[in-house]
Amino acid sequence: MAKIKVSLPQGTRDFNAEVVRKRNYIFQTIRTVFELYGFEPLETPAMENLETLMGKYGDEGDKLIFKILNNGLDLPEKHAKAQSDFEQVLAGKNNTGITERALKYDLTIPFARYVAMNHGQLTYPYKRYQIQPVWRADRPQKGRYREFYQCDADVVGSQSLLLEKEFAAIYARVFEQLGIDVVIKVNSRKLLAALAEVCGGADQLTAITVAIDKLDKIGIDKVKTELTSRGLTHEQIHQIERYLQINGSNEQKMEQIEALLGHTETGQKGMEELRYLINAGQFGTIPNLSIDFTLARGLNYYTGIIFEVAARNVQMGSIGGGGRYDDLTGLFGISNIPGVGISFGVDRIYDVMEELNLFPAQTKNGTQYLFFNLGTAESTKAFSLMQVLRTKGIACELYPDQVKFDKQFKYAEKKQIPHVVIIGSNELEKDQCVVKKLDSSEQIVLSCDDFLLQF
RNA sequence: GAGGCUGUAGCUCAGUAGGUUAGAGCGUCAGUUUGUGGCACUGAAGGCCGUGGGUUCGAAACCCAUCAGCCUCCCCA
């Protein structure tokens, strides 16, 4: 038989039983916490209209959207139009004649689209969570895939800072349950805006944000070089440097930022937000929450508090992020719906947990009892016992072929099935069965009725 | 979009300075052992050495191209 070379598209993965179980463990943990905080599930299609997505993620983002080729382009009567349309695509422009749909790039924009479409029906504040795959035509590398899951929770229709506090608590709780030691970095976009006001004006906000975002990668000197090339003066850059050098405990950082940006109105607002978040108050302190003024988070829609979560003790990009946005649905014609949300990067969380060996043994749950196949009459008996076990929720299976013991034992071992049940001609005659534990080799003989009574 | 590394058995990899029939470990299958697994021993199957060209008497090895994977930058989860 000719051997056909098979492969997977770049940046995609198959998940075997073990991996699926471990992933489900993460999903379940996150889902449970979301539900505990009153979020409702939402699912949206894998694909959206291309125009829904285009222009929402910046120029870079647009390039990374997977576009879907329209069907029926090969129909003879459409040839001429398809060819002229394709010229547009070759020129770097999208054309609905060639592609009008695309795979979703994140969960936030489809969510905004959903809110805009169902504006009248939703009960506000609307709290939803969404756990679905998204696709990006990125170059894959460590911790980066072309198909990966996002777990988002957002609230729209409320300005309350209480929500930010709850989201921080959700992060803390989920990672505590997963056993990952994290630092939840928090900042306010308003402070960045205030910094921009002080140094070069509001129109420099983006440039400053981008430069700050690169700090931990390129270092302070290169950040200064970049800012200089943006036309900032020596004095302005000095201010930014003072901003970036703020350190110490959360309280100490607040004191330093007060000295630097306290005289601006925007700065005061930003500090208020942060103070509310870090103060214990009536909700208690959130563990691992750390103010990080160098946190900037790209440049898109965030306007208030921003979050980013990093795992300690392991080299990995952020495993979660989010923040407040004032007017996400404005993009779709429905204005004045403020929102705030966070996201978990499940694939990276998986990699972190794998690297730190944090998955509990319970994730291996599968078949509990393997019934040996030792003949037709014997397996008929086994089958009737199994049906009882199954009604009691015990996973079990019968080896489908009557083969030697050796083989059936090895099957159980490979699948890590903890017990085997042996019903041969001897046992059948006495209405008994032999139950053997594989790890300890202990085995007991008991009547079929006694066997069932255990469950 | 830019750069680096790697493609040899199902998997992880050896393969000496180009030289007969390309190796190991693990895994698979069979047997020792036709109702008691893991261990051990014996044996077997399994390779167009990523693909295409070139250099050479001779290429898995050297050169070029191409494809794929991994990694870094950019950006991000």
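Numbers restart at 1 for each chain; the letters A, B, ... are given by sequence-line order, proteins then strands.
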Between N or O atoms, less than 3.5 Å apart, protein on one side and nucleotides 29-34 of chain B on the other: list the pairs.
unit_1, atom_1, unit_2, atom_2, d
B/G31, OP2, A/K404, NZ, 3.2

On the nucleotide B/A68, are OP1 or OP2 found under 4.0 Å from the side-chain N or O atoms that A/R139 carries? no
My validator wants the stems of RNA chain B: runs of 3 or more consecutive Watson-Crick or G-U pairs, both distances under 3.5 Å, written as range with range. B:1-7 with B:67-73, B:10-13 with B:23-26, B:28-32 with B:40-44, B:50-54 with B:62-66
May I have all residue pairs that pass side-chain hydrogen bond (donor to acceptor under 3.5 Å, both in side chains) and include part of residues 34-54 of chain A, sequence neighbours excluded? A/E35-A/Y129, A/T44-A/K104, A/T44-A/Q130, A/E48-A/R113
List in chain and number order the residues that pass side chain to side chain donor-acceptor pair (under 3.5 Å) with A/E308, two or more places apart in sequence or in another chain; answer none if no residue qualifies. A/R297
A/L356 meets the side chain to side chain contact (heavy atoms under 4.5 Å, CB included) criterion, sequence neighbours left out, with A/V314, A/V352, A/L358
Who are the salt bridge (Lys or Arg N to Asp or Glu O under 4.0 Å) partners of A/E354, not counting sequence neighbours? A/K22
Heavy-atom contacts under 4.0 Å between residues 429-440 of chain A and RNA chain B, which residues? A/K436, A/L438, A/D439
Any donor-acceptor pair, under 3.5 Å, between the side chain of A/Q443 and the base of B/U36, if you only look at N and O atoms? yes
Side-chain donor-acceptor contacts of residues 370-386 of chain A below 3.5 Å, not counting sequence neighbours, with atom names and distances?
unit_1, atom_1, unit_2, atom_2, d
A/N373, OD1, A/G375, N, 3.3
A/N373, ND2, A/Y399, O, 3.0
A/N373, ND2, A/P400, O, 3.2
A/S379, OG, A/G375, O, 2.5
A/S379, OG, A/T376, O, 3.3
A/T380, OG1, A/T376, O, 2.8
A/K381, NZ, A/D431, OD1, 3.3
A/S384, OG, A/K381, O, 2.8

Close N or O pairs between protein and nucleotides 41-46 of chain B (under 3.5 Å):
none

Sequence-distant partners of A/K392, side chain to side chain contact (heavy atoms under 4.5 Å, CB included), two or more places apart: A/V388, A/I394, A/F455
For A/E147, side chain to side chain donor-acceptor pair (under 3.5 Å) partners two or more places apart: A/W135
With a 3.5 Å cut-off and sequence neighbours excluded, list the donor-acceptor pairs that the side chains of residues 337-349 of chain A form with protein atoms.
unit_1, atom_1, unit_2, atom_2, d
A/S343, OG, A/D152, OD1, 2.8
A/D347, OD1, A/Y149, N, 2.9
A/D347, OD2, A/R13, NH1, 3.2
A/D347, OD2, A/R13, NH2, 2.5
A/D347, OD2, A/R23, NH1, 3.0
A/R348, NE, A/G143, O, 2.8
A/R348, NH1, A/S318, O, 3.1
A/R348, NH2, A/G143, O, 3.4

